[in-house]
Amino acid sequence: MSELFAFVAAAAIRATILLLVTAGVAVVLRRRAAAVQHALWTAAIAASLSLPLLSATVPSLGIRNPFPIRGPETSAAATTKAPASRALFDVGEILSAVPAGASTTPRSTEALLLIWLAGVILGLLRILRSSIAVIRLRRSAMTVSDPRILAVWGQLEQRIIYQKVLLVEADCVTAPGTAGIIQPTIFLPRGAAEWGASRIRATLAHECAHVDRRDSLTQLLGDVAVALYWFHPLVWYGRRRMNAESERACDDQVIRDGIRPERYASVLVETMRASLLQRQGEPAGVLSMARPSELETRLVSILDPSRSRARMSPRVTLATASIAIVSAVLISAPHLDAAPIEAASMEAAPIDGAPAAATTVEAVSEKLAPVEPQMQSRAITAEPVTQLPSLQASGVEPDRRRDSIAGPLSERLALSAVVMSAANNAAALRGPDSVLARTLYAQLSRSPTWEGDLVRDRSVWALSRQRDGLLVEPLIESLADRDWRVRAYAAWALATSGASRAVPALVALLSDPNWRVRAMAAYALDGIGDETAAVAMARAVGDEAWQVRLSAVDFIGALHSAKYQSLLQTALGDRHIAVRQAASEAISMPISNQ
């Protein structure tokens with residue numbers, strides 16, 4: 001639920017940026033033809049509708065925040081500043097990083113999501129109701145039979161090349177209007193036969209322009225956008241502007257057809273007056289020619305001799321569509337990585353599934369820092385940070401690569417239906433790696449303890465690697481994958497394999513540029529416990545990431561070897577308290593002389 005809420009919120013922010021840019025461009029192009037303005041707003045509305053899909057499919061482009069987060073001495077205080085600089089587009093990163101006890105709780109998030117869903121359903125029901133109303137109105141209407149109207153209609157109908165249009169009259173219609181995408185229909189009031197020739201021609205020319213421009217389709221796009229973003233005032237504004245420019249573009253078509261602006265303005269006023277005198281609302285789903293809210297703007301535009309009334313050329317149409325597509329893609333792709341956190345005392349939590357310090361820990365806050373963009377998928381949450389209240393760290397853990405306290409969901413791999421299906425293959429349970437397979441299968445029913453608990457995801461992915469009943473060999477092969485997340489997942493899965501044949505590949509990963517891969521490799525080597533990795537793990541005690549040093553110290557301590565006591569003694573002065581605690585426990589255990 002929280003991920004869906006974050007997804008919707010991120011789409012809303014992207015839509016805000018897109019519509020604000022569109023509004024600015026519309027101001028710059030305010031003297032251009034109404035057809036251009038309508039195309040601009042239509043493209044913006046259509047792009048807004050595509051943003052959720054593009055956000056889920058377009059690869060993320062990480063942008064590092066150049067401004068560090070400076071906090072006071074306490075980590076809790078530093079945490080309060082982190083969310084503010086966490087993300088520009090990905091609101092989910094901000095919401096999921098709010099500390100416990102803040103106003104945005106999972107329950108309130110679910111309530112907001114349910115409210116949004118209720119609004120979307122109501123908006124879609126409104127569209128459905130309008131469509132049904134148009135169908136009923138069409139069925140109750142009568143085909144126009146007046147020869148004067150049909151004569152004018154015969155001349156204008158020729159411009160509509162691709163569609164067959166119905167011309168009907170109905171009692172409940174107070175002003176001319178158009179509706180229908182598959183079956184376009186022009187509705188006239190029952191008394192239209194009594195109109196003068198110029199009014200008939202101007203009215204039919206206006207409605208023909210609506211059909212020719214496919215305005216019923218653009219109106220539907222606007223209605224769907226409002227249903228999806230019903231809470232967003234800019235979307236409502238964009239839809240209103242799009243509909244208004246549609247009417248003005250049709251007015252321009254009437255004037256291009258040779259009707260004098262003054263005469264057409266009087267026709268418009270006369271039509272509006274007749275509609276208001278009948279005191280009936282506009283039929284739902286019908287693009288009515290008489291809209292009081294737009295009358296003044298339309299009259300000014302009609303009577304302005306300097307106003308451009310050009311139609312959209314194919315070149316301009318193609319350019320507008322291309323710009324809209326590129327803009328939507330560009331807005332969907334980037335997300336702002338976290339700024340570096342500069343606080344006096346900040347320590348990151350161990351990776352989930354790795355050994356924790358023996359001292360009781362109390363999770364007090366969440367901290368955020370950047371991941372290198374080329375190694376990061378969209379992180380949508382922060383990693384909880386634990387604080388050891390009984391012991392104080394002597395210094396700050398350096399973060400030379402600026403990634404050692406990155407959100408763990410940057411490591412998440414997408415689990416497709418193919419992966420899930422492959423994970424359900426029980427062949428490995430009968431193969432030589434059945435012990436490892438059963439261990440991983442046991443994690444499939446695991447309930448995550450927090451949003452960044454990836455144990456179940458890693459288990460599903462690892463089981464999907466099985467091949468001909470084998471599991472260890474495919475995982476070893478995955479240690480050389482180009483994707484650092486795949487390497488990290490594979491190393492984690494091998495931790496409980498006991499497979500000494502995986503040691504050389506895991507040792508090689510202790511030099512990986514990504515700290516998570518090194519941490520998972522050290523964790524796996526610690527779990528396997530093969531002494532052939534001792535030299536490499538001894539070097540890892542000096543790794544810049546404390547998670548790597550922690551597993552290395554655990555591994556060295558488990559050897560109970562006298563020759564490594566000096567190394568453990570050195571680790572007692574480690575800059576991270578978890579490593580110091582692990583070294584203290586290792587030294588307190590009996591040693592052998594080997």
Side-chain angles (χ1 to χ4, degrees), residues 35 130-131 133-219 246-278 280-291 295 298 302 309 311:
S130 298
S131 301
V134 169
I135 294 174
R136 290 177 175 174
L137 180 61
R138 185 185 295 126
R139 290 176 178 175
S140 65
M142 300 292 292
T143 302
V144 173
S145 58
D146 183 78
R148 292 194 309 136
I149 296 178
L150 292 178
V152 176
W153 173 243
Q155 299 173 6
L156 296 174
E157 189 181 16
Q158 298 177 2
R159 74 172 56 165
I160 305 174
I161 302 174
Y162 302 105
Q163 292 174 295
K164 177 66 176 177
V165 183
L166 296 179
L167 181 63
V168 299
E169 55 183 3
D171 292 328
C172 60
V173 173
T174 61
T178 304
I181 299 173
I182 299 176
Q183 178 58 77
T185 305
I186 295 177
F187 295 95
L188 297 178
R190 185 69 73 177
E194 300 175 3
W195 295 349
S198 60
R199 182 178 178 185
I200 292 175
R201 184 171 187 82
T203 298
L204 292 180
H206 182 94
E207 301 307 328
C208 274
H210 274 307
V211 175
D212 194 42
R213 289 166 37 82
R214 312 297 196 274
D215 284 336
S216 292
L217 177 59
T218 59
Q219 183 190 38
S246 166
E247 294 297 332
R248 289 207 307 122
C250 292
D251 294 340
D252 292 343
Q253 177 63 50
V254 174
I255 295 174
R256 287 200 304 270
D257 283 348
I259 296 180
R260 291 184 298 107
E262 298 81 2
R263 177 54 188 155
Y264 180 59
S266 65
V267 167
L268 191 61
V269 172
E270 188 177 355
T271 301
M272 192 79 65
R273 182 188 301 114
S275 175
L276 293 176
L277 287 176
Q278 295 188 40
Q280 293 183 15
E282 299 177 3
V286 176
L287 284 169
S288 176
M289 183 179 176
R291 294 183 180 180
L295 179 60
R298 291 173 65 183
I302 290 170
R309 307 190 191 281
R311 68 177 69 210

Legend entry - All pairs passing side chain to side chain donor-acceptor pair (under 3.5 Å) where residues 255-270 contributes a residue, at least two apart: Arg159-Asp257, Ser198-Arg263, Arg199-Glu270, His206-Tyr264, Asp251-Tyr264, Gln253-Arg256, Gln253-Asp257, Arg263-Ser266
Inset, instruction - Can you see which heavy atom on Pro176 is nearest to which on Thr203, and at what distance? - result: CG-CG2, 3.2 Å
Legend entry - Atom CZ of Arg311: over 12 foreign heavy atoms under 6.0 Å: no
Inset, instruction - Kindly give the heavy-atom pair with the smallest separation between Leu137 and Cys172, and that separation in Å. - result: CD1-SG, 3.0 Å
Inset, instruction - May I ask you to test the Val168-Ile186 pair for a side-chain heavy-atom distance under 4.5 Å? - result: no
Legend entry - Nearest-0.5 Å distance that lies between atom OG in Ser130 and atom CD1 in Ile135: 11.0 Å
Legend entry - Residue pair Asp171 / Pro189, side-chain heavy-atom distance below 4.5 Å: no
Legend entry - Distance in Å, Thr174 OG1 paired with Leu276 CG, rounded so as to fall on 0.5 Å steps: 8.5 Å
Inset, instruction - Output the distance between atom CG (Leu167) and atom OG1 (Thr185), rounded to the nearest 0.5 Å. - result: 9.5 Å
Legend entry - Straight-line distance of Arg201 CZ to Ile149 CD1, nearest 0.5 Å: 13.5 Å
Inset, instruction - Taking Arg148 for its side chain and Trp195 for its backbone only, find out whether a donor-acceptor pair lies under 3.5 Å. - result: yes
Legend entry - Side-chain heavy atoms of Met142 within contact of Arg190, under 4.5 Å: yes
Inset, instruction - Go through Ser216 and His210 one step at a time and tell me if the side-chain contact (heavy atoms from CB on, under 4.5 Å) criterion holds. - result: CA-CA 7 Å; Ser216 292; His210 274 307; over 6 Å; no
Legend entry - Which atom of Ala179 lies closest to which atom of Arg138, heavy atoms considered: O-NH2, 4.3 Å
Inset, instruction - With the side chain counted from C-beta on, respond yes when Leu268 and Arg298 share a heavy-atom pair under 4.5 Å apart, and no when they do not. - result: yes
Inset, instruction - State the CD1-CG distance between Ile181 and Leu217, to the nearest 0.5 angstrom. - result: 5.0 Å
Inset, instruction - Find the distance between CD (Glu157) and CG (Leu204) and round it off to the nearest 0.5 Å. - result: 10.5 Å
Inset, instruction - Can you see which heavy atom on Ala175 is nearest to which on Thr271, and at what distance? - result: CB-CG2, 4.2 Å
Legend entry - Expected output: side-chain Gln183 to main-chain Lys164 donor-acceptor under 3.5 Å: yes
Inset, instruction - Grab the two heavy atoms, one from Ala202 and one from Val254, that are nearest each other, plus how far apart they are. - result: O-CG2, 3.8 Å
Inset, instruction - Could you check Thr178 against Cys208 for side-chain contact (heavy atoms from CB on, under 4.5 Å), going step by step and ending with a plain yes or no? - result: CA-CA 9 Å; Thr178 304; Cys208 274; over 6 Å; no
Legend entry - Minimum-distance pair of heavy atoms, taken over all atoms of Ser288 and Glu247: O-OE2, 3.6 Å
Legend entry - Whether Arg309 side chain and Ile302 backbone form a donor-acceptor pair below 3.5 Å: yes
Inset, instruction - Starting from the C-alpha separation in whole Å, work towards a yes-or-no answer on side-chain contact (heavy atoms from CB on, under 4.5 Å) for Val165 and Trp153. - result: CA-CA 10 Å; Val165 183; Trp153 173 243; 3.9 Å; yes
Legend entry - Sidechain-backbone polar pair: Arg214 side chain, Asp212 backbone, donor-acceptor under 3.5 Å: yes
